[in-house]
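The structure appears below as structure tokens.
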Amino acid sequence: MAAPKLYLVPLLSLLALLIAYWYRPVDDKNLQNRLDTVLSSLLQAEQKVGLASDRPPRIAIGFGGCLDILVDGVALLKEAAIEPSNNPVHHNFIETENQLAESFAYFFPPGAASERFVSNATLFKRLVDSSKRLSEMRWALGGNAPVMANRLAAEGCDVLLGGRLSPEELSVLSERITVAGDPINDADIHLIMEYPTGAKWGNHVSRRANRYIVHSDTHNPMIDSLEEFKAQLESFEPDLLVVGGLQMMDSFPFKPGQRESRLKALQELLLSMDQNVGSHFEMASFVEQSLMKDLLEYVIPYSDSLGMNEQELPNLLSLIKGGNITVLSDPYPRVASILDQMRELYQLLRSQKLKEGQRPLTRLHVHTLAFQAMMVAKGSMWKNTMSATAKASLTANRHVCGSSQIDIRKAKLIMDDSFSVSREVGSQRIPFSEKRPVSCWEEDNYEICLAPVLVCTEVFQTAGGGDNISAAGLVLQI
């Protein structure tokens, strides 16, 4: 057979390009139509239920607060003259410039969220001063509790917030929020070093958008608003208690016995709560094993509900099973893997014999980049799981894109067209439906709901995403 004429090769290439050009608008239109259908269906699911008109939900939440400085992480390191490290190392806390570079190099490539205490005040001041020289630096309210409080208030709840806040922080709180805690003059500052998917730092490239947070807090590790918060709880009559911000205790230089004393005081508060009032604990990036074990003794057994991301779930599960912390895990986990981990955590925590005042876990919410998953015990206080999962999904896009209106031109789906409910051989496979994007089913003594996230492609901010998502998911369930 004769070889094709050489002059035909450019012609065939041109023809292929023209075909791709002609068909691309059709593909783009189909994709936009699909996203539009998913969005409409999620909005319909979210709006299926609303808040009670006679009495807004009352939620008490602690602890702490800060001012966030949000910057491009790579730009900040360059401005501070911190060179990329080719030696990725996990450090529990940051003491030197070299440790900062090694730690950032550890979490940046997989795009894993991380938060570290900087024990070197001179280094932290240098980073803050460098951030202020960046043209795109901006300030925002920070801290798990204030961020969740503002989201809960925006959704129509009345909120009691436990925290010692500065005038700058107080000025951006919703009018629906009552603060329990003496004010302070100077807020703790957190540096939020964000980066997009594909960002480059030396030889490192990020696999997904995320943030690396550093702080040098003095007020938050002591949860020093606890006593005033407790004093106001009874008269506030909350429908739900939310505890967060305890990662500020991680690697902090406490005096001997000081941290345990504060956690025991928190345990006493949890014990004093009416068992009919729900109790939710929001997980975070913990690296100190002794603190995690303290949480398993003083906080988690007194919580009906837990919220966490795809990094924090295997971290907690690993500690319960073997006593070790898993610092890094898959930033793009499959649905089946997350669901299996959720089942295992749920069963492990519920199998433990309860002491007086402790609560069985009845709700578990895991938020990932691609999807939201909720597991709720049958017959428990938590209601409207399908609508709550949809609301959490929509809130993920709203927060990261920085707009209450979702623009499908700035969104994409990264969840598969179908998913297995477990990694076990022969497990049921559920197809994804644009018209019914929230999948719910029952197993054993619980219900599972899962919703895809319309992932924001033009990131405004990632920091505070989990807090906003978890808070929004709770609103419709109390």
Side-chain angles (χ1 to χ4, degrees), residues 46 49-64 143-163 173-174 176-181 223 225-226 229-246 266-284 299-308 349 357-367 372 374-377 379-385 387-389 391-392 395 449 466-478:
E46 177 190 36
V49 295
L51 302 186
S53 57
D54 56 332
R55 178 183 180 272
R58 298 174 68 81
I59 301 179
I61 179 167
F63 293 92
N144 302 82
V147 171
M148 292 184 78
N150 257 354
R151 169 56 64 180
L152 292 166
E155 299 293 347
C157 303
D158 291 333
V159 182
L160 176 67
L161 168 62
L173 288 179
S174 166
R176 302 189 75 118
I177 298 173
T178 301
V179 177
I223 49 176
S225 61
L226 175 61
F229 181 71
K230 184 178 180 181
Q232 296 190 35
L233 261 181
E234 186 175 351
S235 60
F236 182 72
E237 298 182 345
D239 302 304
L240 174 68
L241 171 66
V242 178
V243 173
L246 300 188
L266 174 57
Q267 179 192 40
E268 289 173 7
L269 180 148
L270 295 169
L271 277 167
S272 71
M273 295 298 297
D274 186 323
Q275 290 283 320
N276 293 318
V277 175
S279 177
H280 172 85
F281 176 54
E282 189 65 23
M283 286 285 294
V299 179
I300 291 174
Y302 304 92
S303 306
D304 306 282
S305 169
L306 299 176
M308 62 198 72
L349 290 177
Q358 293 183 343
R359 303 172 181 227
L361 181 69
T362 52
R363 180 182 181 273
L364 189 54
H365 177 192
V366 176
H367 40 88
Q372 303 290 318
M374 288 193 188
M375 181 180 287
V376 173
S380 65
M381 69 180 75
W382 312 104
K383 55 189 180 182
N384 306 321
T385 306
S387 293
T389 310
K391 189 175 193 66
T395 303
C449 284
D467 297 327
N468 277 270
I469 293 165
S470 279
L474 285 165
V475 168
L476 298 181
Q477 293 214 268
I478 55 176

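Everything numeric here is computed off the predicted structure, so don't read it as measured data.
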If you look at every heavy atom in Ile61 and Ala149, which pair is closest and at what distance?
CG2-CB, 4.0 Å

So with a 6.0 Å cut-off around CD of Gln358, is the heavy-atom count from everything else above 12?
yes

Taking the side chain as C-beta and beyond, is there a heavy-atom pair between Thr178 and Gln232 under 4.5 Å?
yes

Between CE on residue Met283 and CD1 on residue Ile300, distance to nearest 0.5 Å
5.5 Å

Okay, side chain of Asp304, backbone of Ser279: is any donor-acceptor separation there less than 3.5 Å?
yes

Once you round to the nearest 0.5 Å, how far does OH of Tyr302 lie from CZ of Arg359?
11.0 Å

Which is it for Lys383 and Val49 under the side chain to side chain contact (heavy atoms under 4.5 Å, CB included) test, yes or no, and what are the steps along the way?
CA-CA 10 Å; Lys383 55 189 180 182; Val49 295; over 6 Å; no

If you apply the rule side chain to side chain contact (heavy atoms under 4.5 Å, CB included), what do you find for Leu364 with Met308, and how did you get there?
CA-CA 8 Å; Leu364 189 54; Met308 62 198 72; 3.7 Å; yes

Main-chain N/O of Val159 paired to Arg176 side chain as donor or acceptor, under 3.5 Å
no

CG of Leu152 to CG of Asp467: how many Å apart, nearest 0.5 Å?
10.0 Å

Do you know the tightest heavy-atom contact between Leu306 and His280?
C-CE1, 3.6 Å

So which heavy atom on Gln372 is nearest to which on Thr389, and how close?
O-CG2, 3.7 Å

Within the distance-only criterion (no hydrogens, no angle test), does the side chain of Glu46 pair as donor or acceptor with the backbone N or O of Ser387 below 3.5 angstrom?
no

Compare every heavy atom of Ala153 with every heavy atom of Ile177, then report the nearest pair and how far apart it is.
CG1-CB, 4.1 Å

Checking Met381 against Ile478 for the side chain to side chain contact (heavy atoms under 4.5 Å, CB included) test, could you report, in this order, the C-alpha distance in whole Å, the side-chain angles of both residues, the deciding distance, and whether it holds?
CA-CA 7 Å; Met381 69 180 75; Ile478 55 176; over 6 Å; no

Taken to the nearest 0.5 Å, the spacing of Met375 CE from His365 NE2 works out to 12.5 Å

Side-chain donor/acceptor pairs under 3.5 Å, residues 236-246, sequence neighbours excluded:
from	atom 1	to	atom 2	distance (Å)
Asp239	OD1	Arg55	NH1	3.1
Asp239	OD2	Arg55	NH1	2.9
Asp239	OD2	Arg58	N	2.8

Spatial distance of atom CG (Asn468) from atom CZ (Arg151) [nearest 0.5 Å]
4.5 Å

Please round to the nearest 0.5 Å and tell me the distance separating atom CG of Leu160 and atom CD1 of Ile59.
11.5 Å

So Leu474 and Arg363, side chain to side chain contact (heavy atoms under 4.5 Å, CB included) or not? Walk me through it.
CA-CA 10 Å; Leu474 285 165; Arg363 180 182 181 273; 3.3 Å; yes

Which heavy atom of Gly143 sits nearest to which heavy atom of Pro146, and what is that distance?
O-CD, 3.3 Å

Which atom of Phe63 lies closest to which atom of Ala145, heavy atoms considered
N-CB, 3.5 Å

